[in-house]
2 protein chains.
Amino acid sequence: SLNRIKASGLKLRFCTNETQATREKFVKKLQGMGFDISVAEVTAPAPAACRILKERSLRPHLLVHNDLVPEFEEIDKANPNCVVIGDAAENFTYANLNEAFRLLIGMEKPVLISLGRGRYYKETDGLKLDVGAYMKALEYACDVQAEVVGKPAKMFFESALAEMGVPPQQAIMIGDDIVNDVGGAQRCGMRALQVRTGKYR
Amino acid sequence: SLNRIKASGLKLRFCTNETQATREKFVKKLQGMGFDISVAEVTAPAPAACRILKERSLRPHLLVHNDLVPEFEEIDKANPNCVVIGDAAENFTYANLNEAFRLLIGMEKPVLISLGRGRYYKETDGLKLDVGAYMKALEYACDVQAEVVGKPAKMFFESALAEMGVPPQQAIMIGDDIVNDVGGAQRCGMRALQVRTGKYR
């Protein structure tokens, strides 16, 4: 169906909340599964965060998955004035959480950017706490409100639309998550379609 | 001044949110500093939680500091139907947090008991996230509300009063924390006095 959409001349954009790998790695995985997809067609939280960091001259301390770090290669990270948190998985250690917390609470105006607000997800060895849980921990400890990048944030869909040059009324979002995919797109003025695959239940 | 209070015949009770050690250890430390204090005079979150667990036939999974475990010695912990979280410090690992989360979300009616709701505290090597931050993470992930034991919970002060056999109007709380000590006691109908020592700033 992907090939039929592409053949029809419709514009296409992949919107993912994946923050455990670079877009390169993510795309390679999908290509390996037979999907016709390129890095340029992917909207993901890390590059969206990079745009925000540049626009606002923010220098992040990163609490993210090792595999995501290359996405922030061009960003100045010296003397951090904000914290960026992603699904860091094994990097969510007691020491790393305390370090991010100390930097954040030490800032004159703490800025916390979160690459998503997911509660949990499933892996082969069981459920795992997602970035949203750790975001809440830091929010509470520092009495700040995180800025969330990724679905269902309005800005995230808007940048995907801008990249295609398409107004929301002429776009349709297809996804398996009723909140992140369908709800987020609809709040942007897009239509949305829920597929009963993936994590649908 | 402790000795003068005791000599005067006034009833005395030590209310602590300490959850990194048993009362025995806590009392030994204070005795070593010259304070006339015994275990029987201490109201602490762990024994208060044990009373709740017994009353409601709850079998806890413990995510607490190793040194606190002996306080739960007499509690049945097989086949847990609730999670008790304390300031677990180094035990707040990614694996332990996921384990507590999985048990909690797998329960028909998740019960989360938190030994305090502190945001952070200071140690010689810097600030540390306190139990409240991790409580918030689990609350968010499982969509539950934790039951907080310890100051400033009303029930905590009430059990201290019950142990002394004194009505709140005849008691005065002395502490250095405006929220946990002073606010909590006042909401119980006690008078309260803030001392400018300890973490006062």
Side-chain angles (χ1 to χ4, degrees), chain A residues 20 61 63-66 83 85-107 110 112 114 116-146 148 178-180 199 201, chain B residues 20 61 63-66 83 85-107 110 112 114 116-146 148 178-180 199 201:
Chain A
Q20 281 209 4
H61 168 80
L63 179 51
V64 301
H65 198 282
N66 289 346
V83 167
I85 183 175
D87 175 22
E90 306 289 341
N91 278 348
F92 280 133
T93 63
Y94 182 59
N96 285 348
L97 282 165
N98 279 332
E99 188 190 8
F101 157 67
R102 267 176 227 151
L103 283 165
L104 202 53
I105 202 151
M107 289 169 193
L112 175 61
S114 187
R117 56 183 307 121
R119 294 168 187 264
Y120 59 89
Y121 56 90
K122 198 175 181 170
E123 286 198 334
T124 45
D125 57 340
L127 297 176
K128 304 277 172 78
L129 287 170
D130 199 355
V131 59
Y134 294 96
M135 173 190 88
K136 286 289 171 185
L138 291 176
E139 281 189 341
Y140 177 71
C142 300
D143 199 17
V144 295
Q145 180 106 40
V148 179
I178 191 75
V179 173
N180 286 330
K199 66 178 154 189
R201 59 173 184 179
Chain B
Q20 281 209 5
H61 168 79
L63 179 51
V64 301
H65 197 282
N66 289 345
V83 168
I85 183 176
D87 176 22
E90 306 288 341
N91 278 347
F92 281 132
T93 63
Y94 182 60
N96 285 349
L97 282 165
N98 279 331
E99 188 190 8
F101 157 67
R102 268 177 226 152
L103 283 165
L104 203 53
I105 203 152
M107 290 169 193
L112 175 61
S114 187
R117 58 183 306 121
R119 295 167 187 263
Y120 59 90
Y121 56 90
K122 198 174 182 171
E123 285 198 336
T124 45
D125 58 339
L127 296 176
K128 304 276 172 78
L129 287 170
D130 199 356
V131 60
Y134 295 96
M135 173 190 88
K136 285 289 170 184
L138 292 176
E139 281 189 342
Y140 177 71
C142 300
D143 199 18
V144 295
Q145 180 105 39
V148 180
I178 191 75
V179 173
N180 287 329
K199 66 178 154 191
R201 60 173 182 177

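Everything numeric in this text was worked out from a predicted model, so none of it was measured.
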Output the option from B:I105, B:L138, B:L127, B:D130 having the highest count of non-hydrogen pairs under 4.5 Å with chain A. B:L127

Check for a donor-acceptor pair, side chain of A:Y140 on one end and backbone N or O of B:R117 on the other, with a separation under 3.5 Å. yes

Tell me the closest heavy-atom pair linking A:M135 and A:A146, and the distance in Å. CG-CB, 3.6 Å

Scored by heavy-atom pairs under 4.5 Å with chain B, the best of A:C142, A:G118, A:G126, A:A141 is A:A141

Heavy-atom cut-off 4.5 Å, strictly under: side chain, backbone, both or neither for A:A89 against chain B? both

Show every donor-acceptor pair shorter than 3.5 Å between a side-chain atom in residues 90-98 of chain B and any protein atom, with sequence neighbours excluded, or say none if there are none.
unit_1, atom_1, unit_2, atom_2, d
B:N91, ND2, B:V64, O, 2.9
B:N91, ND2, B:N66, OD1, 2.8
B:T93, OG1, B:N96, N, 3.0
B:T93, OG1, B:N96, ND2, 3.4
B:N96, ND2, B:N91, O, 2.8
B:N98, OD1, A:L129, N, 2.8
B:N98, ND2, B:Y94, O, 3.4

With sequence neighbours left out, write down each residue that passes salt bridge (Lys or Arg N to Asp or Glu O under 4.0 Å) with A:D143, or none if nothing qualifies. none

